[in-house]
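First listed ligand is number 1; within each ligand, the first listed atom is number 1. For the numbers below, each heavy atom of this structure counts, side chains included, while hydrogens, waters and symmetry mates do not.
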Amino acid sequence: MRRHRSFEFTHALCRQPGRSVTDGLRLEDMGNPDFETLCTQHEIYIKALKEAGVEVNILPSQDQFPDSIFVEDAALVLDGVAILLNPGAASRAGEPQVLKEDGGTFFKDIIQPKFSGPIDGGDILCFDNIVMVGMSARTSDAGADDLAKVVAKFGYHLVKAQTPPEILHFKSHCSLLNETTAISTQALMTSGCFEGFNIVVVPQDEPQGSNVIRVNEKVIMAEEAPKTAKMLRDLGFDVLQVPTSEVAKIDGAVSCCSLRYSL
Ligand code: CIR
């Protein structure tokens with residue numbers, strides 16, 4: 001079977017926000033998200049995923065886990081198989097188990113490896129044959145070493161990178177646009193992990209523009225990064241912008257609100 005490219009997807013899994021989302025973790029207090037607005041923005045996000053050509057399934061809200069709408073952090077999906085991870089935040093520790101219970105049937109299979117250290121999906125960037133993992137406050141060397149053995153069975157090679165301090169997740173500041181082009185903040189680019197790549201560096205005042213998802217022919221990104229959107233359109237990318245102001249208050253962005261995969 002031909003393996004899908006790193007940006008080709010047939011499916012996405014999201015989770016309905018629960019009221020407790022307003023208590024989500026944050027590095028800096030910018031006020032609580034407005035629940036109704038967050039739900040409306042989440043619906044617009046789902047519409048964008050559908051417009052990009054994927055079938056979207058939506059899991060029920062899980063109020064005991066305020067950050068559980070950020071489904072990307074709980075698992076890595078390779079070749080349609082969900083690999084449950086080991087969240088670095090104590091309040092999120094139970095999220096992989098919940099995903100297994102209510103989301104397991106949406107994947108080809110679901111596996112739960114043992115991890116000797118934390119590892120969050122927000123720190124994992126997938127290429128066609130490489131899985132890049134950014135060390136961060138949520139992801140450790142030990143977690144990445146354990147994941148390396150798992151992804152090797154799927155034919156992927158794991159490489160480590162550094163997430164600059166002050167940045168929550170590696171992918172908070174970078175994304176892949178295609179196999180040879182990344183989008184990144186200046187801060188993350190200087191860490192050197194994209195050597196040899198074409199890099200689109202986002203304007204200093206639009207760090208949120210570096211978190212995008214390339215889904216088939218579309219690039220889904222924040223409405224709040226208009227200069228970045230123009231740069232990408234000028235480069236020929238087909239950009240869909242969605243409002244992210246409410247998830248941004250709890251350090252969320254477009255990538256973490258879904259698990260994209262192919263069956
Ligand atoms: C957290 O701190 O875990 C959530 N409030 C935000 C997680 C965002 N996830 C991501 O960037 N992958």
Side-chain angles (χ1 to χ4, degrees), residues 12-15 17-35 38 41-42 45 49 59 61-77 82-99 118-126 131-140 143-144 147 161 163-176 183-185 187-188 202 207-215 220-222 224-225 242 244-261:
L13 195 61
C14 296
R15 186 177 292 289
R19 288 250 161 215
S20 71
V21 71
T22 55
D23 298 326
L25 297 172
R26 65 210 75 180
L27 292 175
E28 192 190 322
D29 195 7
M30 296 182 275
N32 283 349
D34 177 77
F35 179 66
L38 186 146
Q41 294 185 345
H42 197 251
Y45 173 78
L49 284 170
L59 299 172
S61 59
Q62 291 288 352
D63 258 327
Q64 73 278 33
F65 295 111
D67 286 297
S68 56
I69 54 161
F70 303 125
V71 283
E72 186 188 55
D73 290 323
L76 166 69
V77 190
I83 302 162
L84 296 173
L85 299 169
N86 185 29
S91 65
R92 305 194 62 185
E95 289 183 26
Q97 186 58 31
V98 164
L99 180 64
I119 182 159
D120 269 15
D123 286 316
I124 305 177
L125 184 65
C126 278
V131 170
M132 187 180 279
V133 180
M135 301 303 113
S136 74
R138 300 280 181 89
T139 291
S140 63
L147 185 67
T163 307
E166 320 299 331
I167 298 175
L168 176 66
H169 283 120
F170 185 64
K171 281 193 298 187
S172 310
H173 278 216
C174 70
S175 317
L176 277 192
I183 182 164
S184 168
T185 57
L188 197 121
V202 299
Q208 68 276 51
S210 61
N211 181 279
V212 309
I213 43 176
R214 169 83 194 268
V215 181
I220 302 175
M221 62 168 289
E224 297 80 10
V242 296
T244 64
S245 64
E246 300 315 294
V247 287
K249 291 176 187 165
I250 47 170
D251 300 336
V254 289
S255 73
C256 47
C257 292
S258 61
L259 272 168
R260 285 94 39 209
Y261 57 99

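- Checked by atom type and distance alone, the side chain of Asp120 pairs as donor or acceptor with a backbone atom of Gly88 at under 3.5 Å.
- When the ring pair (Phe, Tyr, Trp, His ring centres under 6.0 Å) test is applied to Tyr261, the partners found at least two apart in sequence or on another chain are His11, Phe107.
- Protein residues having a heavy atom under 4.0 Å from any atom of ligand 1 are Leu25, Asp67, Phe70, Glu72, Asp73, Arg92, Gly122, Arg138, Leu168, His169, Ile250, Asp251, Cys256, listed by chain and number.
- At least one donor-acceptor pair closer than 3.5 Å links the side chain of Gln41 to the backbone N or O of Glu246.
- At least one donor-acceptor pair closer than 3.5 Å links the side chain of Ser136 to the backbone N or O of Thr139.
- Taking all atoms of both residues into account, the shortest heavy-atom contact from Ile250 to Gly24 is CG2-O, 3.5 Å.
- Contact record, Ser91 with Phe65: O-CD2, 3.5 Å, taken as the closest heavy-atom pair.
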